[in-house]
2 protein chains.
Amino acid sequence: MAEKLQIGKLAEATGTKVETIRWYEKVGLIAPPARTGGNYRAYSPDDLARLSFIRRARDLGFSLDQVRALLDLATDPGRDCGSVDELTTGHLAEVDRKIADLTALRRELAILLTSCRGGTVSDCRILEAFGPSTAQAE
Amino acid sequence: MAEKLQIGKLAEATGTKVETIRWYEKVGLIAPPARTGGNYRAYSPDDLARLSFIRRARDLGFSLDQVRALLDLATDPGRDCGSVDELTTGHLAEVDRKIADLTALRRELAILLTSCRGGTVSDCRILEAFGPSTAQAE
DNA sequence: CTTGACCCTCTAGCGACTACAGGGTGCATA
DNA sequence: TATGCACCCTGTAGTCGCTAGAGGGTCAAG
């Protein structure tokens, strides 16, 4: 048997919080590990590899459902690699869409900011841009 | 007295879902409106203006807490406009950070994709990039 | 008098965690 | 042996900004 890791060590090794690991177990992303006599979770190097995979995919912005799909693909070596490419391409498109949205937002905010010349709220051009009648009693 | 709006009309006029309006009321973003005999919410044009303000700010990506702050500022005409500028500047910086993060992500994903040459999962370069030992039994 | 569109309250769910509260374990040190 | 401390356990509730549903009431038209 290979050496076992306590949850804290696994957390440290993968840059994950302990609670997050327990949560991944709860939602079925990692299997419930063996337990010690004192009921501590005891993880194997395989668990370390799986969690590293998960974290890497999460860092790349994949959702947990997408991670699940990637794990399924990864554990089935005969499967067509095209599915992985597809998933990644879809995710890339999503990221592109978010960047475009944020860039449009950024432009609007920048325009708003150029209109601020100080003074009081009553003649604030930023607030003006928010609606026809901004000031209103509570 | 000005004409009153039912919640559905207010929703339509502001592009908001009915449930969202009730939720804004619950979290104190808009005041509980008058009620009709049948216990229906009856909104004034002032409410319409306030909700429009809220939606506009939300569309610009401000959080509800930030919207609350903006509303507080907007209802206090003597206040220094600089606070509004500050809030907006901070938000813009946040948006810039998100764009930078997503752009870095995008680059990584694009690199990953160029490495896919088809074939089976066992020699998939994308999955390889996810960890030292990707394939693992459940 | 019934149909249908609208409204009401209350509760639970989404994603992906995070943060307790209230306890047990294991090891070192006095 | 006692005690302190770091670590672990379970379970629940909170975060953000809604969204969806159950189970009912209101109102105007046909």
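Any value given below was found using the heavy atoms of this structure, including those in side chains, with hydrogens, waters and symmetry copies removed. Chain letters run A, B, ... following the sequence lines, proteins first, then strands; residues in each count from 1.
Contact check, A/Tyr24 against C/dC17: a side-chain N or O comes under 4.0 Å of OP1 or OP2. Residue B/Arg35 has no polar side-chain atom (N or O) positioned under 4.0 Å from OP1 or OP2 of C/dC7. Not one side-chain nitrogen or oxygen of B/Thr20 sits closer than 4.0 Å to the OP1 or OP2 atom of D/dG17. Residue A/Lys17 places no side-chain N or O under 4.0 Å from the OP1 or OP2 atom of C/dA16.
If B/Gly8 and A/Thr36 are placed on DNA chain C by their nearest nucleotide, the residue sitting closer to the 5' end is B/Gly8. Taking the nucleotide of DNA chain C with the nearest heavy atom to each of A/Asp65 and B/Ala42, the more 5' of the two is matched to B/Ala42. Where A/Asn39 and B/Leu64 meet DNA chain D, the nucleotide closest to each residue was compared, and A/Asn39 sits on the side nearer the 5' end. Between B/Glu19 and B/Tyr40, the residue whose closest nucleotide on DNA chain D is further toward the 5' end is B/Glu19.
Using a 4.0 Å heavy-atom distance criterion, A/Ser63 is classed as a sugar-phosphate-only contact. At the heavy-atom level, A/Arg22 lies under 4.0 Å from base atoms of the strands shown. Among the protein residues, A/Arg41 comes within range of the sugar-phosphate backbone only, with heavy atoms under 4.0 Å from sugar or phosphate atoms but none that close to a base.
When rounded to the nearest whole Å, the span between CG of B/Leu5 and P of C/dC7 equals 11 Å. As rounded to whole Å, 16 Å separates atom P of C/dA16 from atom CD1 of A/Ile30. Regarding A/Ile7, its CD1 atom lies at a distance of 16 Å from the P atom of C/dG26, rounded to whole Å. The CH2 atom of A/Trp23 sits 20 Å away from the P atom of D/dC8 (whole-angstrom rounding). The nearest whole Å value for the distance from the CD atom in A/Glu25 to the C1' atom in D/dC8 is 13 Å. Summarising the geometry, the separation between NZ on B/Lys26 and P on C/dT11 is reported as 8 Å, rounded to the nearest angstrom. Rounded to whole angstrom, the span from the NZ atom of B/Lys9 across to the P atom of D/dC27 amounts to 16 Å. Look at CD on A/Gln66: it is 12 Å from P on C/dG15, rounded to the nearest Å.
Side-chain proximity of B/Arg58 to the nucleotides C/dC17, C/dC7, D/dG17 is greatest for D/dG17.
Ion pair B/Asp101/B/Lys98 not flagged as a salt bridge, since none of the NZ, NE, NH1 or NH2 atoms sits closer than 4.0 Å to an Asp/Glu carboxylate oxygen. Between B/Asp47 and B/Arg50, no side-chain nitrogen of the basic residue sits less than 4.0 Å from a carboxylate oxygen of the acidic one, so the salt-bridge criterion is not met.
Judged purely by atom type and a 3.5 angstrom limit, A/His91 uses its side chain to pair as donor or acceptor with the backbone of A/Leu60.
Put simply, the side chain of A/Arg41 does not reach to within 4.5 Å of the side chain of A/Gln6, judged on heavy atoms.
Linking Ile, Leu, Val, Met, Phe, Trp and Tyr whenever their side-chain heavy atoms come within less than 4.5 Å puts B/Leu71 and B/Val27 in one cluster.
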